[in-house]
Visitor: 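My questions all concern the structure below.
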Amino acid sequence: MKNTQSTGLSTGLYWFRHDLRLDDQPALARLAACTDRVILVYCIDPHWFIPDAFGCSRMGIHRQQFIYESLIDLNRQLEGYHQNLLVVVGEPVSQLMTLIQQYDVTVLGFGEHPGFEERDQIDKIKQHIPDLTTISAHNNSLFEPEVLPFSISEMPDKFSPFRKKIEKHLNPLKSIARPVAIPPPPAELIQTDWQGLPLHHGSASSFNGGETAGRKQLHHYFFESQGIADYKSTRNGLEGWHYSSKFSAWLASGCLSVKYVVSELHKFEKQVTANESTYWLYFELLWREFFWWLQRKHGRDWFTYGGLQHSSTAAPKAGDALHNWQNGTTANAHINACMRQLNATGYMSNRGRQWVASYLINELRQDWRYGAAYFEQQLIDYDVGANWGNWQYLAGVGSDPRGLRQFNIARQAAMYDPQDSFRKLWAG
Ligand SMILES: Cc1cc2nc3c(=O)[nH]c(=O)nc-3n(C[C@H](O)[C@H](O)[C@H](O)COP(=O)(O)OP(=O)(O)OC[C@H]3O[C@@H](n4cnc5c(N)ncnc54)[C@H](O)[C@@H]3O)c2cc1C
């Protein structure tokens, strides 16, 4: 690698984005192996806290807290490498460019992400500094575009053909071990002002951010409680910790590698049992994978009212009904229970998410994107692929072959909350 003019040492910078961990980080390992000094950076973008066109901020307090805890955990782990995490606040591209110039960085490492904005950020940096060497890896998906049995532009828009092709042709790629060593940072590197970070933290949450907590939950769900063995029959629960894996927040922030999750699942299948439930968790992770790559195919259409079907129906104007939905004060007590659970905890079951989306779209006749944007703000596990992909699907403009999905909430509540206990817990 190229040496810097002043010190004779080559400097690399690894940019953590949605990959807040040290396990299964191929690009970080390669960067560490080819540079003398390494700067490890995370950027907090002030735009995350400003209301967008839908009146929502990009990151509410629950995810802020989760990210804060994840950064602390990452920094603690880095201390074992005589390294530390530099957290900067500001527009990410300009923050990165400043650091690159200030410390004569010649190699940039990062995890590839199919998100529209995430790709745009990398393109901008490459445009501004064309001679910068980049090292990247697909570190948050089961597969890489090169091994998929279709090009991204030709991937199926529907889940079933996607899944069948994947299952026929591919095994998930292996996760790699954490780096043995990481070169030190430049001696003159500025330090993180941990007290001054603009991230909410300090309140109690069932989800503790960070790789350490994510791996603990994985071990608990697979090998201690063995909840995985009954997943298929429990996964439609509404309340509690054990009915589903709860991996989503750690997967979305990259505290857990999805390849590692699947390798541990296979270990469970070998050591304990392989049944319909263990298969079903893999099936759900294929849903995640499907939306992961589908957003790459559709770019901006991921966020348009007409969705990937380019439906030409005009979007309705937002009304008071939207605020009642957000606040959990609609005419439907089960919808209110779900929304109050979301507002209080940052989490809602998959069943609940389907109900409230259907209710907003079909009963309240609102623009589905306001719902998706509100979820983006509130969810602790917000993921651009899974969130906007599921909303489009339910709004009938995405990848659902059956068109608009309307849930009969009363019938659903009788099935999934027969004692009314969930409704009483949250909506009174
Ligand atoms: C309207 C709507 C919005 C959603 N927004 C998000 C989001 O922003 N982030 C997110 O991670 N999930 C989202 N989901 C999917 C799903 O509800 C959550 O992944 C799940 O409830 C998280 O809990 P869990 O980890 O216990 O899931 P489990 O049931 O244990 O599933 C295991 C993992 O599989 C993946 N998964 C499960 N269901 C889906 C699905 N339908 N689509 C994509 N991946 C799935 C997740 O990574 C999850 O962690 C959304 C679903 C709907 C209907």
Side-chain angles (χ1 to χ4, degrees), residues 18 58-60 62-63 66 115 140-142 159 162-163 206-207 214 217-218 220-222 225 227-262 264-265 277-295 302 325 335 338-339 341-342 345-361 368-400 405 407 412:
H18 305 286
R58 306 288 288 274
M59 195 192 285
H62 300 297
R63 202 157 77 258
F66 190 89
N140 261 336
S141 52
L142 289 170
F159 176 66
F162 171 87
R163 175 182 63 80
S206 307
F207 290 85
Q217 171 60 14
L218 180 74
H220 173 75
Y221 190 66
F222 284 176
S225 75
I228 176 64
D230 301 314
Y231 171 71
K232 188 148 188 252
S233 58
T234 59
R235 58 180 282 273
N236 280 308
L238 296 170
E239 177 64 37
W241 192 252
H242 300 293
Y243 65 82
S244 64
S245 73
K246 304 294 184 294
F247 294 162
S248 54
W250 290 286
L251 285 171
S253 56
C255 293
L256 271 181
S257 148
V258 66
K259 295 187 187 92
Y260 177 69
V261 171
V262 169
E264 289 296 288
L265 182 65
S277 286
T278 54
Y279 168 71
W280 212 260
L281 192 88
Y282 182 59
F283 179 92
E284 292 301 338
L285 290 173
L286 288 182
W287 267 108
R288 176 185 183 273
E289 192 78 11
F290 171 64
F291 288 131
W292 184 263
W293 295 117
L294 199 63
Q295 68 181 308
W302 207 241
W325 179 84
I335 297 302
C338 291
M339 294 306 291
Q341 179 192 38
L342 172 68
T345 66
Y347 183 81
M348 191 195 295
S349 66
N350 184 55
R351 182 69 26 197
R353 293 180 205 207
Q354 291 177 320
W355 291 356
V356 302
S358 167
Y359 192 80
L360 184 79
I361 296 161
W368 65 269
R369 293 172 304 168
Y370 282 82
Y374 190 67
F375 266 32
E376 175 166 354
Q377 174 182 281
Q378 295 299 89
L379 280 176
I380 201 161
D381 61 17
Y382 169 72
D383 171 272
V384 55
N387 188 57
W388 291 79
N390 273 290
W391 272 95
Q392 281 208 3
Y393 184 95
L394 291 160
V397 295
S399 52
D400 187 354
R405 291 258 164 159
F407 285 71
Q412 289 268 316

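This is a predicted model, so every value here is computed, not measured. Atoms within each ligand, like the ligands themselves, are counted from 1 in listed order.
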Visitor: If you count the atoms of ligand 1 from 1 in the order shown, which ones are under 4.0 Å from a heavy atom of L251?
Guide: 47 (O), 49 (O)
Visitor: Name the orientation class of the two ring planes belonging to F159 and W287 (parallel below 30°, tilted from 30 to 60°, perpendicular beyond 60°).
Guide: parallel
Visitor: Can you tell me if Y231 contacts ligand 1 (heavy atom of the residue under 4.0 Å from the ligand)?
Guide: yes
Visitor: Considering only protein heavy atoms, which is closest to atom 24 (P) of ligand 1, and at what distance to one decimal place?
Guide: K246 N, 3.5 Å
Visitor: Among all protein heavy atoms in this structure, tell me which lies nearest to atom 2 (C) of ligand 1, with the distance rounded to 0.1 Å.
Guide: N390 CB, 3.5 Å
Visitor: Report the nearest protein non-hydrogen atom to atom 9 (N) of ligand 1: residue, atom name, distance rounded to 0.1 Å.
Guide: D381 O, 2.8 Å
Visitor: Please say whether S349 places an N or O atom under 3.5 Å from an N or O atom belonging to ligand 1.
Guide: no
Visitor: Answer yes when E289 and R163 have at least one side-chain N-carboxylate O distance shorter than 4.0 Å, and no when they do not.
Guide: no
Visitor: Within 4.0 Å of atom 40 (C) of ligand 1 (strictly less), any protein heavy atom?
Guide: yes
Visitor: Are Y370 and W325 close enough that their ring centers fall under 6.0 Å?
Guide: no
Visitor: I want to know if ligand 1 touches L379 in the polar sense, i.e. an N/O pair below 3.5 angstrom.
Guide: no
Visitor: Got a sec, which residues hit ring-ring contact (aromatic ring centres under 6.0 Å, His included) with Y359, two or more places apart in sequence or on another chain?
Guide: none
Visitor: Would you indicate which of S358, A386, G237, S245 comes nearest to atom 30 (O) of ligand 1 when only heavy atoms are counted?
Guide: S245
Visitor: Please say whether W391 places an N or O atom under 3.5 Å from an N or O atom belonging to ligand 1.
Guide: no
Visitor: Considering distance alone, does some N or O of W287 sit under 3.5 Å from an N or O of ligand 1?
Guide: no
